[in-house]
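Counting starts at 1 for both ligands and their atoms, following the listed order. None of these values were measured; they are calculated from a predicted model.
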Amino acid sequence: MCFMSMIQNEFGCMVFGDAEMRQRLPKEIYRSLRKTIETGCELDHGVSGVVASAMKDWALEKGATHYTHWFQPMTGITAEKHDSFLCPTGDGEAIAEFSSKDLKRGEPDASSFPSGGLRTTFEARGYTAWDPTSYAFIKDKTLCVPTAFFSYGGEALDKKTPLLRSMEAVNIQALRILRLFGNTTTKRVITTVGPEQEYFLVDKDIHDKRKDLVYTGRTLYGAMPPKGQELEDHYFGTIKPRVKAYMEDLNNELWHLGVYAKTEHNEAAPAQHELAPVFTNTNIATDHNQLTMEIMKKVALRNGLVCILHEKPFAGVNGSGKHNNWSLATDDGINLLEPGDTPYENAQFLLFLAAVIAGVDEYQDLLRVSAASAGNDHRLGASEAPPAILSIFLGDQLTGVLDAIENENEYENMQKTKMRVGVTVLPAFSKDLTDRNRTSPFAFTGNKFEFRMLGSAFSIAESNIILNTIAAEQLSRFADRLESAESFTDELHQIIKTTIKDHKRIIFNGNNYTDAWEKEAEKRGLSNLKTTADALPHFKTEKSIALFEKHRIFTRTEVMSRYEILVENYCKVLNIEALTMIDMARKNIIPACEKYAGMIAKTAANMKTVGISVEAETTALTRLSGLLLSMYRQTETLEKVSNGMKKFADNTELSCYCRDTLIPAMNSLREVADELETIVGEEYWPYPTYGSLLFGVC
Ligand code: ADP
Ligand code: MG
């Protein structure tokens, strides 16, 4: 058998997927479960017991010893608590058991997960509930059942619950639109996602010698090596053997888990790479992306490497992001963001497009919030990733079409016909033309949108919750209008025309990295929330809460608790970074510099005794001692500033203090240390340099 067919055979072998279900479940049980998976409806009575038993048999055959409810709490990573299948029989023996209740419901203690104050007002207990729409799988001999996690009072404590709610919201509203277009066959509209994942790969031995990487995932100090990414020789370059071996190992594990890992290549920065899967429905894509990040790290360790997912592990070279490719599709295979060939398909496409344009413009700030974190603040706006300003790239062709519709003009490429939605056929868009603006935060790429603001370490849940919700909101407004319109076609034309007119300020096809765009965006009234501290409060405005409540995504209480979690996380991350910097300065950098200075002083003394000039040594020592004095002072300042955080009872105020006072103090300290690094002898420097980290894997 060839290698590829072996891979095909083993694809998804650790997943209790459709084929296993069909084979192992009685017909009517399978059909009932399938209905729940496809439509999201509640499970019929009696189904879960049969499924649990089949799942257990399958898991035991695959060598599993434990099971767990696998969930996605607000930490951003996944959580699992393993229970063995063993159950005492009372006569000193044991059998393997996994009941309907074990499958459906779990009760992990919620008090040790972030709850943003929810657990002080409600019971500490938390519950997990089986999500049958995402397949169970086996990882490390443990059957993992994807679940939602919520509090005693029913509030969502995780990222999956609101994601499922947002998928339902968009389904309801999109179906209304499809029915208006005369579609009676589609049963469900889903959103699809393909997240491209960037990461760094460094040697583990070198990595472990740096406290900053170990504690914070990024380098808090570090001077640039003589070579960075300026030769542009890494992007799409030949993959080095050790990296290729890692990628093979990684793909293998991901394929077993049914993750469609597809594309792999080197990225712009040295030691940076990317993995892109084939897109799938948003719920599964989110689970798979969490799994991918976890397995990337695990497989790296096995290969003597560390996979760094932080957004900005190294200053001076690109950081890592995640591109969230997003579209809307029907259960019968229509991509609703595909322009299509007929006037009917074109009109429907334009309406969905208009919904996205209006949604992104009206809720720019929410999309920005969904990409906000202390780590990602280093990227957005730093001319390597999109700026903190939301805008949409449509490409010249599509923008031209929208212009023509808005002004009831002729579209130049269309033989003097006036653009009339539902009547005129759109020109065929060439996808190559639409895909090339890499600087846009939100680009139309022919039949989907690519949201490029996310940080590499993010769960993709938040961004997709927002995308789904804002799409649902605009579609619901359109449906309200169309349902009560006298003439469907006239109203349709009118909606598209006015939407373009009202929201075209969000469309920008130029270079997003320039200062001129920042000025232009300000003129257009687009928001520019530069830091996480600026962005987060927009999550809890009355406008946002109204949107979330209308579509049953979050209650007001859930919004407030999520805000608290986000803002607290921002401050905590920065405080850990500050403390790590102080620790490294005092315990490593300053002693190393003193030792080096001592060596020079000793050399100078020896030289003096034999009458040789010590001018060079004196000059070096003068510079060193000046910088050392700055090091002492800046370290003390940072310590004071960090202690000052204790004064704040309110996290919003604290986040502003971190932005305005803590971060500048960290930057000042780093500046001195990095200059010292360039003048202190290599053998004296207390931790590995950027050079060895970025070029250390062959
Ligand atoms: P690139 O952006 O690198 O040029 P592509 O645009 O071809 O590459 O694909 C990037 C990602 O977009 C892949 O993960 C792919 O599966 C995903 N993708 C393609 N079509 C869709 C779609 N309809 N919905 C969501 N994601 C999609
Ligand atoms: Mg892409």
Ligand 1 N/O within reach of [X] N/O, cut-off under 3.5 Å:
X      : result
Pro277 : yes
Thr445 : no
Asn447 : no
Pro195 : no

**Item:** All ring pair (Phe, Tyr, Trp, His ring centres under 6.0 Å) counterparts of Phe548, not counting sequence neighbours
**Value:** Phe539, Phe554

**Asked** If you look only at pairs with a residue in residues 349-367, which of them pass as a salt bridge (Lys or Arg N to Asp or Glu O under 4.0 Å), with sequence neighbours excluded?
**Response** Asp361-Arg505, Glu362-Arg477

Among [options], whose heavy atom sits nearest [atom]?
atom                    : options                        : answer
atom 11 (C) of ligand 1 : Asn324, Asn325, Leu337, Leu336 : Asn325
atom 18 (N) of ligand 1 : Phe449, Phe279, Trp326         : Phe279
atom 9 (O) of ligand 1  : Glu450, Arg452, Lys448         : Lys448

**Message:** Under a 3.5 Å threshold, yes or no: a donor from one side chain and an acceptor from the other, between Lys448 and Asn335?
**Reply:** no

**Prompt:** Within less than 4.0 angstrom of ligand 1, does Glu338 place any heavy atom?
**Reply:** no

**Request:** Answer with yes or no whether Glu274 contacts ligand 1, where contact means a heavy atom under 4.0 Å from a ligand atom.
**Result:** no

**Complete:** Any heavy atom of Glu196 under 4.0 Å from ligand 1? The part involved is side chain

**Prompt:** Given the side-chain rings of Phe279 and Tyr260, with only the six-membered ring counted for Trp, is the space between their centroids under 6.0 Å?
**Reply:** no

**Request:** Count the heavy atoms of every other residue, nucleotide or ligand shown that sit under 6.0 Å from CZ of Arg552, and state whether that count exceeds 12.
**Result:** no

